[in-house]
Structures are given as C-alpha cells and as structure tokens.
Number of protein chains: 2
Amino acid sequence: MPRDVSSPAAPGDTLRARKRAATRLAIRRAAIDLALEHGYDNVTVDMICEASLVSQRTFFNYFGSKEGAFLSGAKALPPPDVVRAFIDGTGSSVFADLFTMIAGTVVDIDANLELFRARHQLIHQTPELLNQEKARIGETEDAFAGFVMDRFHFHGRTEADTPDLEDEARMVVALVFGAMRFVMQKWVAGNFTETREELVRAASGLIQRITANEHWP
Amino acid sequence: MPRDVSSPAAPGDTLRARKRAATRLAIRRAAIDLALEHGYDNVTVDMICEASLVSQRTFFNYFGSKEGAFLSGAKALPPPDVVRAFIDGTGSSVFADLFTMIAGTVVDIDANLELFRARHQLIHQTPELLNQEKARIGETEDAFAGFVMDRFHFHGRTEADTPDLEDEARMVVALVFGAMRFVMQKWVAGNFTETREELVRAASGLIQRITANEHWP
DNA sequence: GCATAAACTTGCATTCACTGCATATTTTCA
DNA sequence: TGAAAATATGCAGTGAATGCAAGTTTATGC
C-alpha cells in the first residue's frame, strides 16, 4: 500500500508522489461526481473504481473506506509553531486568540475550489456523510480543547484551583466552533467572496452579542 | 417486521408488546455484554443473535444496524407541552430556560440503571460507537436549535432584524449542550448520586464564569 | 372457543463494503 | 542497468444489511 497516501500534490516532487496525488484526486473526483449524479447510496465502490481506472483493492489502499473518498482529507490542525504561540499567548481573550488561530488554519482549504464546493454540496445533501463529517469536526474540537487546556496550564490555572477546568476548555471550543461554522456557511453561501477579516469580524460580533445580552441563571 | 419496535415496556400492556420489549432488551443486553467482554469489533451480529435466541433477520428487524443495538434508544426530546412552554416562555434568559428544559428531559434516562451504565462504559471505550453517539447528539441539538428559533420568532425577533438569528440559536444550544455534557459526566462519574438541582447549579456556575470573565474580541 | 386476520419470526439468497495475502508492475537509486 | 523499495492488482473470504416468501404466534370478531 502507499507510504503516505494523503499528501497533497507538490509541484517539484518526485514522479511517484505526483502519481499518487493524481490517483487520489481522480478517485475523489469520480466518487463525488458519481454521487452527485446518482446519490451516495446508489454508488458502489466498484463504480468509482471503474470510473477512475483503479482496482477495488487500490481504492481501499487510498481510502480505508467508501466514505473516506468523500470526506475532506486533511486533518486541519494548525502547524505546531502556531499552536505553541497560542498556548503561550498573552492575549487577554482565549476566545479571540483561539478564533484567530482556527480561522487562519481552516480557511486555507483545498486549492481546488470547484472540487471543494462539489464535495460540500454532496455532504450537505447526504445525511450519512454529514454525520461522518460532524464526527470529524468533533475530533478536531477535542484536539483544540487540548490546546486550550495547555494554555490554561501555561497561565497557571490548574485543576486544583478549578476542578472543572476541562469542561471550561470544551465550552470555549464549542463556542468558537459555533462561530466558525457560521463563518464557513457564510463563506460558502456568498460564493467565497468575503475576505477573512470580514468573516472574522462578523463572527466576533455574533459571539459578543449573544453573551452580552443575556441574563445568566 | 414489528410495528413499533422502540416502545419501552409498559406494565399493563398487551402480551405482544411485552414480548417485543423483552426481546428488544434481551438483544441489547447480549450485545452490550458480549462487546464489553470481547470488544465491539470482535462481536458479530450472529454472536448476538445466538446469545439472545433470535434469528439474524429478527435482529435487523429490531435494530436496523449492528450499531443500533448498542446506542441509546429513545429520541430524548421533551414532550410537546414542555416545548411549547419553552417557546412561549417569558423567562429573561434563553440559556436558563433551555438548560432547565433539557435537564428535565435528559436526566430521565432508562429505568434500567445497570444497563445504562454498561452501555455508557462500552460507548466511551469504542471510538466507532462514540462517533455515532455524537452524531445522535448532534441531531438532537438541531432539534433544540429549532425550538430556540421558534422562541425567538415568538418574541418578535426575525431574520429581517437579525440576519444571523439561526447562528445565534445554534450557538446558544451549543453552549447549553456543553453544560449538559458536563452535567452528565459528573453524574456518571459520581455514581449517579447528586440530585438534579445540584448538577444544574454546578453547570450554571460554569457557564456564568466562562462568559463573565472574558474580554471579547 | 374457534376461525381468520394481523403481527411477528425465520430461512434463504444476494449485494456490497472491507481485509489479508500472494503476485505483478512501476519507480527509485546506487 | 539491476536490485530494492513502493504501488497496484487479483482473488478468496468475512460480515453487515436487505428483500422475499414462507412459517409461527398473538389478537379479534363472532
């Protein structure tokens, strides 16, 4: 099976790597096009293989499962130095810093806009895939919750002082991801025209409004 | 196939209904016990069927999928009148009202505590099941977001005034569910000893602390 | 009570996702 | 170029899931 099946195409890369990327892309394209045409459930792995000219075995070498060919590939975690900067960050607002970090990472997206949009459409019209996607996002949230915990610790907050510190971290992440979802939606709906700054500003306003105008129990 | 396969056992109910409930429970028990012993992936549907004395076909009549036998059964939505009360509610805090409504519903849980705990343990040690469970929770969140929207509308807030009203609703729900998760965790960890009031108070304090001490971007 | 309908269970055959293993085929690199 | 490493493929098998056409059990009207 391939050594690293998920690396994106690098221009001046070795032949092997470029072929790998091409195969990967061909399978994805075929999968998504077929599913948009016939519906996810009516597409078999064999159909995808035939359309993309690979054997079924190769398909499963690239994507461990049928769903794998349809979901976004990259792990979407920020590079380690960015994470470190966040953890050691002196910014007064965890929300602001976290939001900025995530926005910088996530909005990077696939170079291939057309494929990205096709996949987005497909996922959002296929409950099965949508659930998987949500699960993926959930895992990402867990990772970010870990970063927030690290930041708390770095700033001297411990479970000794605050027993439910981890819950606090999770809630912060949940809220920021809510805002992210909002951003992504607007971005997709608006045909990807807004700048990152505009989106961040809008989302930020939303969080502020919600939390400011509330009476707490 | 059974007419309504998911109804819980009613004491003075017809023989048929009681048998249905018994079969359902037997399958669940067998499934969870087997998985706790051998691991989810090493348990086949046939093994469950043999242990619970039903045919494979019957298994799939009851639970549409293998996973179905392991996940919590009920939809866990509050009864319509409670929902209506929430929507028309005059309470000044959506958070407080929503939290109270959810707490009242969710903490109801299965009559069978032992089975509940066994399932909980199994799910949290099986990534596959955990993802499914999260997806289920996600769907529930969607439903509640709908209720919050209805409440907004009822109180005269419209998308015309606030274009991102739905995002606001989703974030409210996300936050409250974060608190709920916290509550559930404490409840399970503490061997189900705390009263509902204690839990609600703790979660409420958590939300308050998080949002009060923040500087917003 | 009993016959008949309705609800429920089962067996069987089939499709499809997925895996392990052995065997080509291609790419790399000394 | 020729051996080694990386990929691709074929094949056989497992297990989940579904439709259909019987059986079997429970409910109901008389």
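Rounded to whole angstrom, the span from the CG atom of Asn61(A) across to the P atom of dG10(D) amounts to 12 Å. In this structure, the CG atom of Asn42(A) is 13 Å from the C1' atom of dT15(C), given to the nearest Å. Arg18(A) places its CZ atom 16 Å from the C1' atom of dA6(D), with the value rounded to the nearest Å. Summarising the geometry, the separation between CD on Glu128(B) and P on dA16(D) is reported as 11 Å, rounded to the nearest angstrom. Rounded to whole Å, the distance from NZ on Lys66(A) to C1' on dG15(D) is 17 Å. When rounded to the nearest whole Å, the span between CG of Leu129(A) and P of dA17(C) equals 13 Å. Atom pair Met47(B):CE and dA16(D):P shows a separation of 10 Å (rounding to whole Å applied). In this structure, CD1 of Ile27(A) is placed 14 Å from P of dT7(D), rounded to the nearest angstrom.
Listed by chain and residue number, Arg170(B) satisfy the salt bridge (Lys or Arg N to Asp or Glu O under 4.0 Å) test with Glu166(B) (two or more places apart in sequence, or in another chain). Shown here are the ring pair (Phe, Tyr, Trp, His ring centres under 6.0 Å) partners of Tyr40(A), two or more places apart in sequence or in another chain: Phe70(A). Partners of Arg157(B) under the salt bridge (Lys or Arg N to Asp or Glu O under 4.0 Å) rule, at least two apart in sequence or in another chain, are Glu168(B). With sequence neighbours left out, Lys134(A) forms a salt bridge (Lys or Arg N to Asp or Glu O under 4.0 Å) with Asp142(B). Not a single salt bridge (Lys or Arg N to Asp or Glu O under 4.0 Å) links Asp150(B) to another residue, sequence neighbours left out. Residues that satisfy the side-chain hydrogen bond (donor to acceptor under 3.5 Å, both in side chains) test with Gln132(A), not counting sequence neighbours, are Glu67(A).
Taking for each of Asp46(B) and Leu15(B) the nucleotide of DNA chain D with the nearest heavy atom, the 5'-most of the two is the partner of Asp46(B). Residues Arg16(B) and Phe59(B) each lie close to DNA chain C; by heavy-atom proximity, the contact nearer the 5' end of the strand is made by Arg16(B).
Taking every side-chain heavy atom of Phe60(B) into account, dA17(D) is the closest of dA17(D), dT9(C), dC18(C). Looking at the side chain of Ser65(B), the nearest of the listed nucleotides dA17(D), dT10(C), dC8(C) is dA17(D).
The salt bridge (charged side-chain N to carboxylate O under 4.0 Å, His left out) pairs that include a residue from residues 32-44 of chain B are Arg29(B)-Asp33(B), where partners are two or more places apart or lie in different chains.
The phosphate of dT9(C) has neither OP1 nor OP2 within less than 4.0 Å of any side-chain N or O from Thr58(B). At least one side-chain nitrogen or oxygen of Tyr62(B) sits closer than 4.0 Å to the OP1 or OP2 atom of dT9(C).
Side-chain N/O atoms of His153(B) and Glu159(B) include a donor and acceptor closer than 3.5 Å.
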Atom pairs, protein N/O to nucleotides 1-3 of chain C N/O, distance under 3.5 Å:
none

Anything under 3.5 Å between a protein N or O and an N or O of nucleotides 11-14 of chain D, put it in a table, one pair a line.
none

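Surrounding CD of Gln125(B) are more than 12 heavy atoms belonging to other residues, nucleotides or ligands, all under 6.0 Å away.
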